[in-house]
Amino acid sequence: MPRGPRTARGEAARERIKEAARITFNRMGYRRARVVDITTEAQVASGLFYRYFQDLREIAAELCGEMIAPFLAIDEAMDGDAADRLFEKLRIHHAIQTGNYLRNPGLMRAWVPLSEDSPKSLAAAHADYQRYLEYLVTDRWPEPGAPPSPGSARALMLGYAALGAGEMPMVAYANWRLRSLQPLELAEDALAEWLALIVYRMFRGRDPAPGSLRHADALAALPFLSGLAGHPSPGVR
């Protein structure tokens, strides 16, 4: 839980330290970062860090939890008049995930070591995220704390498949920054829609309803998208 006075000045200082931590983790990685690196970035005394956070694990867990929050509020971002509800959810899901990878690559890499260092601090976030993944593919929010069942396990596996289909491409594109992928030159929202389309085809075996795609012209230039928006596929070279 946050410590320190709940004053406007105190909250501003706390947020300043959090932003400095985000920058530091993205620049150095979670394992290499030290408290002094964060306080130097924030231009505050090291003692002020411990007024609000117990250690690096606590501040990293809070930042990672904030990256999960938009997924849990996906209903608020959805277009109620969308032609294809599943594709709309997948499009928003991958837009959030793509933004996280492009703007917070160090924090995305922190998930595994942070889970090893502080499993309890991320347990609640993981539970909420698993409920979200089930909702992503079933359109039903599971009850909090519901016991596992074969049906929920199958739905969750599909949710992880939807997550994983976009994860490795984003690791290569955003974290590794592979030069071989840079010629794609896809805008962030078009990249997210491409990943959503891949998952949708995996689930449905077809393209989404007409009018669902916002970047059909850009996506039609990619391999295996023959006939999309009336454009032939250039094939794989």
Side-chain angles (χ1 to χ4, degrees), residues 18-19 21-33 37 56-57 59-72 74 77 87 89-119 121-123 125-137 156-203 215 218-219 221-225 236-237:
K18 280 174 57 180
E19 177 61 16
R22 185 188 67 81
I23 293 171
T24 300
F25 290 141
N26 286 332
R27 182 177 66 239
M28 305 177 62
Y30 170 71
R31 285 297 193 199
R32 292 177 55 203
D37 299 315
L56 287 175
R57 291 178 297 181
I59 194 170
E62 182 169 328
L63 289 168
C64 286
E66 290 179 357
M67 289 196 298
I68 286 180
F71 292 108
L72 305 181
I74 190 172
F87 184 76
K89 284 195 295 182
L90 291 172
R91 183 184 62 78
I92 296 172
H93 167 87
H94 285 286
I96 297 169
Q97 180 169 284
T98 298
N100 281 338
Y101 270 107
L102 291 176
R103 284 183 282 281
N104 294 296
L107 280 170
M108 294 301 292
R109 291 194 302 271
W111 274 107
V112 172
L114 186 57
S115 296
E116 295 170 350
D117 290 350
S118 186
S121 67
L122 291 179
H126 282 160
D128 284 339
Y129 193 64
Q130 287 188 342
R131 291 179 61 240
Y132 158 75
L133 288 178
E134 286 192 50
Y135 168 74
L136 185 66
V137 298
L156 184 57
M157 183 64 82
L158 281 176
Y160 276 119
L163 170 68
E167 190 166 17
M168 195 61 209
M170 288 310 306
V171 168
Y173 190 78
N175 286 1
W176 297 346
R177 299 183 182 277
L178 295 182
R179 292 181 61 189
S180 53
L181 292 178
Q182 299 313 307
L184 284 176
E185 296 182 342
L186 284 174
E188 181 178 329
D189 49 356
L191 178 59
E193 189 165 273
W194 179 27
L195 296 173
L197 179 61
I198 290 172
V199 177
Y200 187 90
R201 284 182 164 189
M202 180 176 70
F203 284 174
H215 304 280
L219 300 188
L222 297 168
F224 305 116
L225 298 183
V236 180
R237 295 183 175 88

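Keep in mind that what you see is a predicted model, and the values were worked out from it rather than measured.
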Would you name the heavy atoms of [X] and [Y] that are closest together and state the gap between them?
| X | Y | value |
| --- | --- | --- |
| Leu107 | Met67 | CB-CE, 3.7 Å |
| Arg32 | Asp37 | O-OD2, 4.1 Å |
| Leu114 | Ala60 | CD2-C, 3.7 Å |
| Tyr30 | Arg57 | OH-CG, 2.9 Å |
| Val137 | Lys89 | N-NZ, 4.4 Å |
| Val199 | Ala165 | CG2-CB, 3.4 Å |

Rounded distance (nearest 0.5 Å) linking atom [atom1] of [X] with atom [atom2] of [Y]:
| X | Y | atom1 | atom2 | value |
| --- | --- | --- | --- | --- |
| Met202 | Leu197 | CE | CG | 11.5 Å |
| Thr98 | Arg91 | OG1 | CZ | 11.5 Å |
| Leu136 | Leu163 | CG | CG | 9.0 Å |
| Leu195 | Met168 | CG | CE | 13.0 Å |
| Leu63 | Ile59 | CG | CD1 | 5.5 Å |
| Asn100 | His94 | CG | NE2 | 12.5 Å |

> In terms of side-chain geometry, is the basic nitrogen of Glu188 or Arg103 positioned less than 4.0 Å from the acidic oxygen of its partner?
Replying inline: yes
> Should Glu19 and Arg22 count as an ion pair when the cut-off is N to O under 4.0 Å?
Replying inline: yes
>> Does Met157 have more than 12 heavy atoms from other residues, nucleotides or ligands lying within 6.0 Å of its CE?
In response: no
> With respect to His126, which candidate in Trp111, Tyr132, Tyr160 satisfies the ring pair (Phe, Tyr, Trp, His ring centres under 6.0 Å) definition?
Replying inline: Trp111
> Any side-chain heavy atom of Asp128 within less than 4.5 Å of one from Phe71?
Replying inline: no
>> So, using ring pair (Phe, Tyr, Trp, His ring centres under 6.0 Å) as the criterion, who are the partners of Tyr101 when residues are at least two apart?
In response: none
> What residues, two or more places apart in sequence or in another chain, satisfy ring pair (Phe, Tyr, Trp, His ring centres under 6.0 Å) together with Phe87?
Replying inline: Tyr200
>> For a side chain to side chain contact (heavy atoms under 4.5 Å, CB included) check, start with the C-alpha distance between Leu191 and Met170, then their side-chain angles and the critical distance, and finish with the verdict.
In response: CA-CA 9 Å; Leu191 178 59; Met170 288 310 306; 3.6 Å; yes
